[in-house]
Participant: 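Below is a structure I'd like to ask you about.
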2 protein chains.
Amino acid sequence: MKNWNRNNATSEFVRSRRKESKMTQFELSDLTGVGLRFVRDLEQGKPNLMTDKVNQVLLFFGHQLTPTPLSDETRRSLGK
Amino acid sequence: MKNWNRNNATSEFVRSRRKESKMTQFELSDLTGVGLRFVRDLEQGKPNLMTDKVNQVLLFFGHQLTPTPLSDETRRSLGK
DNA sequence: GTCTTTTATACCTTTATGGGTATAATCGAT
DNA sequence: ATCGATTATACCCATAAAGGTATAAAAGAC
């Protein structure tokens, strides 16, 4: 059904930060201005997301998307 | 006309890496499998891009998009 | 300077994201 | 165990991204 990957850097980051802040998905969507559906998709690891929407959420936690070297972990999971 | 920002982390990263590799935009699009138009938009700093397409290009350079703390530089340009 | 290559901008079409809503499923507190 | 809140999945629609093509501008070689 859904072959999304919840265990990617961005999904895990948002989920953990949100929980640390004791917020619900709804509250996060409300505070960041993105749709609730987007927060869900983001945390569930939907592959195709718009960078500015992701950044809209990350900004709330003082972060943003930037290019970083592949971790050995990631490289392994990609078979590179 | 275009109020895009060429001077963002991702655009600059791709542009510099591509030039270091002495590749044309066409070659990069060809090797990464994304459209030539996308490489252009990416390097020109189009605000809304799909994360998987960006990653498709970054992967070629051994990188990927991940959440990183806002730099003072970025924070200043955002007025945060 | 000219000519060629590369890059930038503009228009059009197809496709899929984001958003909304509704419904299940899961988790928590009691 | 029940009941409420939170999270997950499924549907539809409007909008915009990605791609293609064509043209203009810029950069390089000569």
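None of the values given here were measured: they were computed from a predicted structure. Order of the sequence lines fixes the chain letters, A, B, ..., with proteins taken first and strands second; residue numbering starts at 1 for each chain.
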Participant: By the rule that ILVMFWY residues connect when side-chain heavy atoms come within less than 4.5 angstrom, directly or transitively, which residues belong alongside B:Met50?
Facilitator: A:Met50

Participant: With sequence neighbours excluded, tell me which residues meet side-chain hydrogen bond (donor to acceptor under 3.5 Å, both in side chains) with A:Arg6.
Facilitator: none

Participant: Take atom CG of B:Asp52 and atom C1' of C:dT15, then tell me their distance rounded to the nearest Å.
Facilitator: 13 Å

Participant: Using atom types as modelled, flag every donor-acceptor pair under 3.5 Å from a side chain in residues 29-36 of chain A to any protein atom, sequence neighbours excluded.
Facilitator:
unit_1	atom_1	unit_2	atom_2	d
A:Ser29	OG	A:Phe26	O	2.7
A:Thr32	OG1	A:Leu28	O	2.7

Participant: Just grab all the salt bridge (Lys or Arg N to Asp or Glu O under 4.0 Å) pairs involving residues 63-72 of chain A, residues at least two apart or on different chains.
Facilitator: A:Asp72-A:Arg75

Participant: Over how many whole Å does the gap from B:Leu42 atom CG to C:dA8 atom C1' extend?
Facilitator: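 Nearest whole value for this atom pair: 15 Å.
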
Participant: What does the list of N/O pairs under 3.5 Å between the protein and nucleotides 13-19 of chain D look like, with a distance for each?
Facilitator:
unit_1	atom_1	unit_2	atom_2	d
D:dA17	OP1	B:Asn48	ND2	3.2
D:dA18	OP1	B:Met50	N	2.5
D:dG19	OP1	B:Gly35	N	3.3
D:dG19	OP1	B:Lys53	NZ	3.1
D:dG19	OP2	B:Gly35	N	3.2
D:dG19	N7	B:Arg37	NH1	3.3
D:dG19	O6	B:Arg37	NH1	2.9

Participant: Flag the pair A:Leu59 / B:Leu70 as yes when at least one side-chain heavy-atom distance between them is below 4.5 Å, and no otherwise.
Facilitator: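 When only atoms from C-beta onward are counted, B:Leu70 and A:Leu59 do touch, with a gap below 4.5 Å.
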
Participant: Could you pull out the closest heavy-atom pair between A:Phe61 and A:Ser21, with the gap in Å?
Facilitator: CE2-OG, 4.0 Å

Participant: Tell me, please, which residues at least two apart from B:Phe13 pass ring pair (Phe, Tyr, Trp, His ring centres under 6.0 Å).
Facilitator: B:His63

Participant: Roughly how many Å is it from CD in B:Glu43 to P in C:dA8, rounded to a whole number?
Facilitator: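 Nearest whole value for this atom pair: 7 Å.
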
Participant: So which protein nitrogen or oxygen atoms get under 3.5 Å of nucleotides 23-30 of chain C's nitrogens or oxygens?
Facilitator:
none

Participant: With sequence neighbours excluded, give me every side chain to side chain donor-acceptor pair (under 3.5 Å) pair touching residues 44-57 of chain A.
Facilitator: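 Residue pairs passing side chain to side chain donor-acceptor pair (under 3.5 Å), neighbours aside: A:Lys2-A:Gln44, A:Asn48-B:Asp52, A:Asp52-B:Asn48.
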
Participant: Does OP1 or OP2 of D:dT7 have a side-chain N or O of A:Arg15 closer than 4.0 Å?
Facilitator: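 Answer no for this pair, as no side-chain N or O of A:Arg15 is under 4.0 Å from OP1 or OP2.
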
Participant: Return the minimal non-hydrogen interatomic distance between A:Ser11 and A:Gly45, and the atom names on each side.
Facilitator: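 What the structure gives for the nearest pair is OG-CA, 3.3 Å.
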
Participant: Heavy atoms within less than 4.0 Å of DNA chain D: which residues of residues 17-26 of chain A have one? Give them sorted by number.
Facilitator: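 Of all residues in residues 17-26 of chain A, the ones placing a heavy atom under 4.0 Å from DNA chain D are A:Arg18, A:Thr24, A:Gln25.
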
Participant: Could you name each residue pair satisfying salt bridge (Lys or Arg N to Asp or Glu O under 4.0 Å) that touches residues 13-24 of chain A, not counting sequence neighbours?
Facilitator: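 Matches after skipping sequence neighbours: A:Arg18-A:Glu43.
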
Participant: Kindly write out the residues that satisfy side-chain hydrogen bond (donor to acceptor under 3.5 Å, both in side chains) with A:Ser71, not counting sequence neighbours, or none if the list is empty.
Facilitator: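 Checked A:Ser71 against side-chain hydrogen bond (donor to acceptor under 3.5 Å, both in side chains); matches are A:Thr74.
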
Participant: Quick check on the helix from C:dG1-D:dC30 to C:dT30-D:dA1: what's the angle between its two end axes, five base pairs per end, to the nearest 10°?
Facilitator: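 Here the helix ends are tilted 70° relative to one another.
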
Participant: Checking A:Thr10 side chain against B:Thr66 main chain: does a donor-acceptor pair fall under 3.5 Å?
Facilitator: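 Side chain of A:Thr10 to backbone of B:Thr66, a donor-acceptor pair under 3.5 Å: no, none is there.
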
Participant: CG of A:Asn7 to CD of A:Glu12: how many Å apart, nearest 0.5 Å?
Facilitator: 5.0 Å

Participant: What is the distance, rounded to the nearest whole Å, between atom CD of A:Gln44 and atom P of D:dT6?
Facilitator: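 In whole Å, D:dT6 P and A:Gln44 CD are 17 Å from each other.
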
